[in-house]
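Here the structure comes first, spelled out in structure tokens, and everything after it is commentary.
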Amino acid sequence: MEKKSVFQSAIERGVSRRDFLKMCTALAATMGLEFSQTDKVVNAMETKEKVPVIWLQFQDCTGCSESFIRSSHPTTESVVLDLISLEYSEVLSAASGHQVEEAMEAVIEHYKGKYILATEGSIPEDGIYCMVGGKPANEIYERVAKNALAVIAYGSCSAWGGIAGAKPNPTNAKPVTAFDSGDTPVMIVPGCPPISEVMTGVIAHYLTFGILPELDGFGRPKAFYKHRIHDKCNRRAYFDAGLFVESFDDEASKQGYCLYKVGCKGPTTYNSCMEMRWNGGTSMPILSGNPCIGCSEDGFWDAGSFTERLADIPLPQKIATVDPAVIGGVVTGVATAAVVAHGAATAVKKNIDDKKNTHEDH
Ligand code: FSX
Ligand code: SF4
Ligand code: F3S
């Protein structure tokens, strides 16, 4: 448990100063900082120690760990070897069994109040459905959380209950926020799984500024969950023009029309997929022709199947049809439709506000 700055650690690993600066620039971009603020990130990484992380896994599919280790800006090796000091992880720790459990105890003792607890997966109310090292999940979580500096609940399972919490929820699975973390703040980073650069971005923010990023009313980092998928969607003009895919193999799907009628949950989903995309910025569900299934929202999986439509959203009237031969005419039609559709957009917002109010009631 030697103390090293992020910079020292990277240099000792043979990383050049140029690559170190590249990592800092990538981190600044991930955090949504202006280029001029890159200096702040460089300064933090040169002076601050790597942050110790204990990563606990409960009822989940390991997709969150999978996503985390696919970070490309910065690369996984920079994150795992330089940015953080990953002290305990069921997926990545080389040690196992009693050895690794003892190592975790040593970390809790040594770094009391200074380590980050990352979680993935939901916790059954009666912890015996999920035991690790002979101890129930709820006991492990509460003890490790109370001694941590902060909890980062990665994934929709940890944030909302997720797949194990879906009906009939045989284990009575709950989000980690249903359990006692003492005075330790809990930030949720939902998504099934979350975007890898968002996962690393929130840790980088802590390292740079010494505090957690600003959170919204649900405990999500605002910077990454302030935009609705629908508002940034590349197919939005088609929604506004009333041009919809009716089935996955129809002509409209080939034209790239709006996926609302085949189950898109973009109008009620908040996440950074449109801006940051997945797999190093390559693509995201809607760009690949698949509706957003609302994986970052509370109630995922129960709130509608993949292809079930969102209920009661009034749709704009179709005012243009696409004849590929006169595509220019369609673009004009879409622009007009954006104005016509204003009333419908307001109705969508009301539906979302109602949904958020329901969230808040819980
Ligand atoms: Fe849940 Fe994480 Fe979904 Fe899986 O482990 S958020 S099921 S992708 O990955 O917890
Ligand atoms: Fe995009 Fe889905 Fe909204 Fe259509 S409903 S515009 S596909 S987010
Ligand atoms: Fe999830 Fe929708 Fe993004 S399904 S990955 S929030 S586009």
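As the structure lists them, so they are numbered: ligands from 1, and atoms in each ligand from 1. Atom set for the values below is all heavy atoms of this structure, side chains included, hydrogens, waters and symmetry mates excluded. In this chain, residues are counted from 1 in sequence order.
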Would you mind checking which non-hydrogen protein atom is closest to [atom], with the distance to 0.1 Å?
{"atom": "atom 1 (Fe) of ligand 2", "answer": "C233 SG, 2.4 Å"}
{"atom": "atom 3 (Fe) of ligand 2", "answer": "H230 ND1, 2.1 Å"}
{"atom": "atom 4 (Fe) of ligand 2", "answer": "C258 SG, 2.3 Å"}
{"atom": "atom 7 (S) of ligand 2", "answer": "L259 N, 3.3 Å"}
{"atom": "atom 1 (Fe) of ligand 1", "answer": "C157 SG, 2.2 Å"}
{"atom": "atom 2 (Fe) of ligand 1", "answer": "C64 SG, 2.3 Å"}
{"atom": "atom 4 (S) of ligand 3", "answer": "I293 N, 3.1 Å"}

Contacting atoms of ligand 2, where contact means under 4.0 angstrom from a heavy atom of [X]:
{"X": "C264", "answer": "2 (Fe), 5 (S), 7 (S), 8 (S)"}
{"X": "G266", "answer": "8 (S)"}
{"X": "R236", "answer": "6 (S)"}
{"X": "P267", "answer": "5 (S)"}

Check whether any heavy atom of I286 sits under 4.0 Å from an atom of ligand 3.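 No.
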
Under 4.0 angstrom from ligand 3, any heavy atom of G191? no

Quick one: sort the Y154 and F68 rings into parallel, tilted or perpendicular, breaks at 30° and 60°. tilted

Report the part of [X] (side chain from C-beta onward, or backbone N, CA, C, O) that has a heavy atom under 4.0 Å from ligand 3; answer both or neither where that applies.
{"X": "M284", "result": "side chain"}
{"X": "C292", "result": "both"}
{"X": "N271", "result": "side chain"}

For ligand 2, indicate whether the residue P291 contacts it via side chain, backbone, both or neither (heavy-atom separation under 4.0 Å).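 Under 4.0 Å from ligand 2, P291 contributes no heavy atoms.
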
Using a 4.0 Å heavy-atom threshold (strictly under), name the region of I286 that reaches ligand 2: side chain, backbone, both or neither. side chain

Which atoms from ligand 3 have a heavy atom of [X] less than 4.0 Å away?
{"X": "T269", "answer": "6 (S)"}
{"X": "C273", "answer": "3 (Fe), 5 (S), 6 (S), 7 (S)"}
{"X": "W278", "answer": "5 (S)"}

For ligand 1, which atoms sit closer than 4.0 Å to a heavy atom of P193? 8 (S)

Counting backbone and side-chain atoms alike, does C295 have an N/O/S atom under 2.8 Å from atom 1 (Fe) of ligand 3? yes

Would you say OH of Y129 has more than 12 non-hydrogen atoms from neighbouring residues, nucleotides or ligands within 6.0 angstrom? no

Could a heavy atom of G191 be found less than 4.0 Å from some atom of ligand 1?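 Contact present.
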
Is there a heavy atom of G121 sitting under 4.0 angstrom from any atom of ligand 1?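 Heavy atoms of G121 do come under 4.0 Å of ligand 1.
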
Test side-chain hydrogen bond (donor to acceptor under 3.5 Å, both in side chains) on T62 and Q57; report intermediate values, then the result. CA-CA 8 Å; T62 310; Q57 219 177 320; 2.8 Å; yes

Check the side chains of [Y] and [X] for a donor-acceptor pair under 3.5 angstrom, ignoring hydrogens and angles.
{"X": "Q255", "Y": "S253", "result": "no"}
{"X": "T119", "Y": "S158", "result": "yes"}
{"X": "S5", "Y": "E46", "result": "no"}

Does C292 come within less than 4.0 Å of ligand 2, judged by its heavy atoms?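 Contact absent.
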
